[in-house]
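These notes are about the structure you will find just below.
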Amino acid sequence: MGKFKPALTSKRWKPSSEEELIDIWLKEKTYAFNPDSGRIIYSVDTPPPYLSGHVHLGQMLHYTQIDMIARYRRMQGLEVNFPLGVDRNGLPVEIRVEKEFGMSMQTTPREEFIAKCKEQLDKYQIEVTDAFKRFGVGYNTYDPDGSYQTDSPRYRALTQATFIDLWNRGLIYTDYRPNNWCFECGTTIADAEVEYAERDSTLNYLYFEVEGLKPLEIATTRPELLCACGAVFVHPEDKRYRKYVGKKAKVPLFDFEVPIIESPTAQMDFGTGALMVCSYGDMADVMAFRDFALKPIAAVSPDGTMTEAAGKYAGMPVAEARKQIIHDLKEKGLLVKQEPTVQRVPLCWRSDTPIEFIAMDEFYLKQTDFVDDLRKIASETPFYPPHHRQILLDWIDRVSVDWPISRRRFYGTEIPIWYCNACGEAVVPEPGELRYYQPWREDPPFDKCPKCGASEGFRGEERTFDTWMDSSISALYVTGYLRNPELFEKAFGNVIRPQGKDIVRTWLYYSLLRVYQLLKQPAFKEVWVPGLVVDENGVKMSKSRGNSPPPGPFIEKYGADAMRLFGVLEAGLGSDIRFSEERLAGVARFMTKLWNIARFVSMFPIPEPIDFKDLTAVDQWILAEANQMVETILPECEMLDFHKPVIEVRRFTWSFFADHVLEMLKGRCFNSDGQFSEVEQRSGWFVLHEVLRIILRALAPITPFITDKIYRELYNDGGIHREPYPSVNESWASEMTAHTELLLQVNRAFWKYKREASISLRQGLPEAYVPKQLEPWSKDLQAMHGIETIHFGTPKKKSGLVQLSLEESTESVFVSPPETGDDA
RNA sequence: GGGGCGGUAGUCUAGCCCGGCCUAUGACGACUCGCUUACACCGAGUAGAUCACGAGUUCAAAUCUCGUCCGCCCCA
């Protein structure tokens with residue numbers, strides 16, 4: 001109609017318009033962090049993504065969910081500290097460089113190798129940063145100065161400073177002991193970095209000769225470790241071997257004798273029930289050697305070949321030695337039989353290759369002394385969802401050895417230690433200074449050995465830290481620990497840790513440990529652990545599985561808002577999110593709907609605010625309904641779970657506001673035949689805008705683009721993201737809400753009647769009777785359905801009237817049909 | 001082998017903790033009809049579920065207990 005033109009001109013929301021908003025946000029610094037605002041600081045300790053390759057969809061959905069929390073908290077009036085961080089330390093990039101460029105770490109000069117790693121990381125960093133931007137992740141800034149990188153001198157200085165602190169408190173020590181060793185990475189790794197997978201293997205049955213008895217049959221998957229055999233175990237209740245216990249068994253091929261010992265760790269039903277125990281075969285072997293004080297023999301060397309102990313097999317790679325030994329056993333008739341079996345093998349989670357136990361000198365950080373304290377912290381810190389706390393508790397209960405923190409790699413934070421050339425004493429720099437040390441290339445910041453007093457120079461430590469030593473203090477870094485005491489004072493203690501459940505035993509556990517050791521305080525105010533993003537088949541999306549598509553094409557087609565909304569709509573917090581393009585497309589339709597609702601509302605002027613009591617009864621009822629919607633969603637939002645809130649907002653927006661309220665107020669807001677007073681008309685205008693504003697703000701954290709766009713066009717040039725989140729308004733109440741459901745049913749009855757009677761929706765009805773509870777809607781109902789004369793209650797004479805029954809009510813609606821034939 | 005979480009229409013999901021109002025919510029998809037003062041990427045409607053299986057507790061079970069099977073994740 002000529003008089004009312006929509007302020008939003010485009011008929012449809014275009015995902016491409018999201019990009020303009022990204023520029024506006026950057027320009028206006030919409031999400032900037034101002035520690036001096038006087039508001040309470042709320043810090044998000046986001047997982048700094050590890051840069052090892054291209055971004056993937058699962059990863060991005062995960063970050064958008066974290067972003068929703070930050071946005072929600074900001075709208076609640078908190079000063080949100082949400083820095084962009086990236087993790088760049090560690091193995092994956094090194095391995096990639098070695099593979100892709102054929103640069104071996106052992107033969108390439110350290111500087112050169114590091115430079116190549118940096119170059120690769122920079123490339124990936126741009127990609128990941130762009131993706132975050134495109135998905136609308138509202139970090140405080142995308143300026144490199146405002147973000148952090150775990151390999152920056154500033155970050156590494158903090159890692160080193162905290163290490164020096166722990167060193168001086170005596171929490172660090174060195175020891176020579178078997179550890180998980182990854183040949184691919186050439187370094188020791190921690191238990192937390194070991195994963196297990198099932199692999200096909202062969203179980204070999206061998207003869208161990210025993211004096212005076214029949215040879216003992218023993219099954220093993222690792223015959224190459226024969227030379228390291230320290231004992232044979234049989235189960236105490238195993239009758240078959242009772243007479244062997246206490247005797248000596250002769251190790252085939254190597255001809256030395258080992259004791260036969262009773263141990264419940266031998267499984268009677270596996271293999272022959274008799275088990276050979278080799279030094280460093282697996283963790284159980286390591287324990288067994290310790291328990292029985294057996295002398296360990298290292299069979300495998302750190303480069304993956306057999307040691308001298310293997311005799312004629314020395315120098316062979318493990319796999320080749322195994323083949324050769326099996327061959328020799330066969331020849332000598334010592335191999336009874338072979339059968340296929342499935343074995344759980346430990347793998348390095350970074351390189352996915354099998355690990356071995358190898359003894360090396362490494363630095364350890366004490367952790368076993370802290371498990372009780374950590375268990376307490378884990379029990380007291382709020383978890384969202386609460387049941388994910390169990391993952392952490394289970395891990396804490398399993399911690400039994402200290403944390404090996406040194407790594408024989410280049411691309412990591414250097415261990416800040418120098419060794420005195422005179423006495424060999426390990427010396428760390430003075431505490432207190434936030435400075436980045438590189439002992440492999442720098443002189444120490446001291447020239448006298450504190451122990452022997454000599455000034456004969458120092459040798460710098462060459463090893464680096466486990467990368468978790470860096471990332472486990474991210475919460476301290478982002479709150480300014482040691483760097484900005486004023487900020488730290490205000491910010492620490494109100495930090496949320498959002499993260500995936502796959503890194504609970506590493507990142508979360510280590511963070512709690514480190515912060516507790518340094519400050520004797522819990523690291524986090526709250527911990528938020530969502531489900532995994534899985535593919536159509538329910539399998540975890542990961543780069544290595546190749547089941548995680550690049551997000552680009554989906555963004556282009558559906559937009560970031562749709563993808564964000566999809567992630568929330570698909571599952572409650574803690575449940576896995578199953579990706580499906582079909583369903584994403586369905587979700588995207590809500591964007592169009594919301595846009596068109598706003599477009600319709602934008603036809604009407606925005607009147608001066610009107611007091612609630614001066615609105616029409618129907619308009620009061622609409623606000624009361626909106627109020628109830630807000631009341632429903634807030635408790636769930638507080639649980640940091642937007643799944644149900646967003647379903648509720650969508651229901652309210654689409655099935656109530658659009659389908660019923662807009663249809664009902666159309667007549668009054670246009671008022672083209674002047675049936676309504678100007679006061680009534682303005683009341684309608686006001687309510688439409690008021691409700692739209694509530695809907696937009698409720699959705700702003702979820703779909704930041706479309707809501708901001710509409711808000712800027714209609715209400716506020718500054719956008720929506722600094723506006724308050726909707727809250728409950730006690731005075732917005734109406735008794736009419738008791739009859740809402742009845743009203744909706746009456747509307748449906750009219751629509752259904754017209755459809756079934758093939759009457760146009762615009763066609764009027766001469767007369768209608770509706771339930772008397774709906775009397776307050778009288779005028780708007782007339783306008784909505786074109787009822788010339790409306791009555792309330794049941795008609796006395798029903799002749800000439802059509803009765804329309806309602807779905808969930810005993811009440812009925814009666815209408816008199818319009819004149820049939822050729823209607824005007 | 002142990003632990004955690006789960007198994008609800010073709011698909012996904014709510015409800016389950018705190019049994020009855022569940023003849024089970026919502027969405028996607030399917031089907032039928034419809035251009036109606038924004039929206040056909042729409043509207044109105046229809047169909048579709050023995051709530052994995054078996055047993056038990058109970059006046060009453062999707063919901064509690066036990067067992068079985070299946071899936072995913074984690075651990076030894």
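Per chain, numbering begins at 1; letters A, B, ... match sequence-line order.
- Comparing the same atom, P, in B:rC72 and in B:rU13 gives a spacing of 15 Å after rounding to whole Å.
- The nucleotide B:rG43 finds its pairing partner in B:rC33, both defining distances of the Watson-Crick or G-U wobble pair being shorter than 3.5 Å.
- For A:His660 and A:Trp777, the ring centers sit 6.0 Å or farther from each other.
- The side-chain tip of A:Arg589 does not point at the ring of A:Trp654 from less than 6.0 angstrom away and within 45° of straight on.
- Between A:His785 atom NE2 and B:rG43 atom C1' the separation is 14 Å, expressed in whole Å.
- Here A:Asp659 lies in heavy-atom contact (under 4.0 Å) with sugar-phosphate atoms only.
- Across all strands shown, B:rC17 forms no Watson-Crick or G-U wobble pair with both key distances under 3.5 Å.
- Only the P atoms considered, B:rA49 is 30 Å distant from B:rU68, to the nearest whole Å.
- Straight-line distance from the CD atom of A:Glu636 to the P atom of B:rA14: 11 Å, rounded to whole Å.
- Rounded to whole Å, the distance from CD on A:Glu663 to P on B:rA44 is 9 Å.
- Considering only side-chain N and O atoms, A:Lys666 lies nowhere under 4.0 angstrom from the phosphate OP1 or OP2 of B:rU37.
- If you check B:rA38, B:rU36, B:rA44 against the side chain of A:Phe600, the one that comes closest is B:rA38.
- For the OP1/OP2 pair of B:rG4 and a distance below 4.0 Å, the side-chain nitrogens and oxygens of A:Arg389 include no atom meeting the criterion.
- Contacts of A:Lys644 with the nucleic acid, taken as non-hydrogen atoms under 4.0 Å apart, involve only primed sugar atoms and P, OP1 or OP2.
- Judged by Watson-Crick or G-U wobble contacts below 3.5 Å, the nucleotide B:rU57 has no partner.
- Of all nucleotides listed (B:rA76, B:rA40, B:rC12), B:rC12 comes nearest to the side chain of A:Arg583.
- Residue contacts shown for A:Arg762 are limited to sugar-phosphate atoms, with no base heavy atom under 4.0 Å away.
- The same atom, C1', is picked in B:rC70 and in B:rA76; the two are 23 Å apart, to the nearest Å.
- Closest to the side chain of A:Arg589, from the set B:rC5, B:rU37, B:rG29, is B:rG29.
- Distance A:Lys557 NZ to B:rC41 C1': 13 Å, rounded to the nearest Å.
- Nucleotides B:rG67 and B:rU50 place their P atoms 26 Å apart, quoted to the nearest Å.
- Sequence order on RNA chain B of the closest nucleotides to A:Leu532 and A:Ser575 puts A:Ser575 first from the 5' end.
- When the P atom of B:rC41 is taken as reference, atom CZ of A:Phe590 falls 18 Å away, rounded to whole Å.
- Shown here are the ring pair (Phe, Tyr, Trp, His ring centres under 6.0 Å) partners of A:Tyr558, two or more places apart in sequence or in another chain: there are none.
- A donor-acceptor contact under 3.5 Å is formed by the side chain of A:Lys593 with the base of B:rC39.
- Each of A:Gln390 and A:Lys11 was matched to the nucleotide of RNA chain B holding its nearest heavy atom; the match closer to the 5' end belongs to A:Gln390.
- Ranking B:rG43, B:rA38, B:rC5 by closeness to the A:Trp654 side chain, first place goes to B:rG43.
- Using N1 to N3 plus N6-O4 or O6-N4 for Watson-Crick, or N1-O2 and O6-N3 for G-U wobble, each under 3.5 Å, B:rU50 pairs with nothing.
- Remark: A:Arg583 is not positioned above the aromatic ring of A:Phe566, lacking an NZ or CZ atom under 6.0 angstrom from the ring centre and at most 45 degrees off the axis.
- Across B:rC51 and B:rC64, the matching C1' atoms stand 16 Å from one another, rounded to whole Å.
- Using Watson-Crick or G-U wobble geometry with both donor-acceptor distances under 3.5 Å, B:rC69 finds its partner in B:rG7.
- Searching all strands for a Watson-Crick or G-U wobble partner of B:rG1 with both distances below 3.5 Å returns B:rC75.
- Judged by distance alone, the side chain of A:Lys501 and the main-chain N or O of A:Val529 form no donor-acceptor pair under 3.5 Å.
- Both thresholds, 5.5 Å between centres and 30° between ring planes, are met by A:Phe670 relative to the base of B:rU37, so the two rings are stacked.
- Proximity of the aromatic rings of A:His388 and A:Phe383 is defined here by a centroid distance below 6.0 angstrom, and this criterion is not met.
- Counting any heavy atom pair closer than 4.0 Å across all strands shown, A:Ala658 reaches a base atom.
- Counting to the nearest Å, the P atom of B:rG43 and the CH2 atom of A:Trp751 are 11 Å from each other.
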*Steps toward ring-ring contact (aromatic ring centres under 6.0 Å, His included) verdict (A:Phe579, A:Phe554)*: CA-CA 12 Å; A:Phe579 183 74; A:Phe554 297 107; 5.1 Å; yes
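- With both ends at atom C1', the span from B:rG3 to B:rA14 equals 27 Å, rounded to whole Å.
- Look at A:Glu648 and A:Lys644 and you find no salt bridge, because none of the NZ, NE, NH1 or NH2 atoms lies under 4.0 Å from a carboxylate O.
- If you check B:rG43, B:rC72, B:rC39 against the side chain of A:Asp576, the one that comes closest is B:rC72.
- Between the P atom of B:rC42 and the CZ atom of A:Arg755 lies a distance of 18 Å, rounded to the nearest Å.
- Here B:rC28 presents its P atom at 19 Å from CZ of A:Arg578, a figure rounded to the nearest Å.
- With distances taken from any side-chain atom of A:His643 to the nucleotides B:rA38, B:rU13, B:rG29, the minimum falls on B:rU13.
- B:rA47 and B:rG56 have their P atoms separated by 35 Å, given to the nearest Å.
- Here the separation of B:rC12 from B:rA38, taken at their P atoms, is 38 Å to the nearest Å.
- Using a 4.0 Å heavy-atom distance criterion, A:Arg651 is classed as making no nucleic acid contact.
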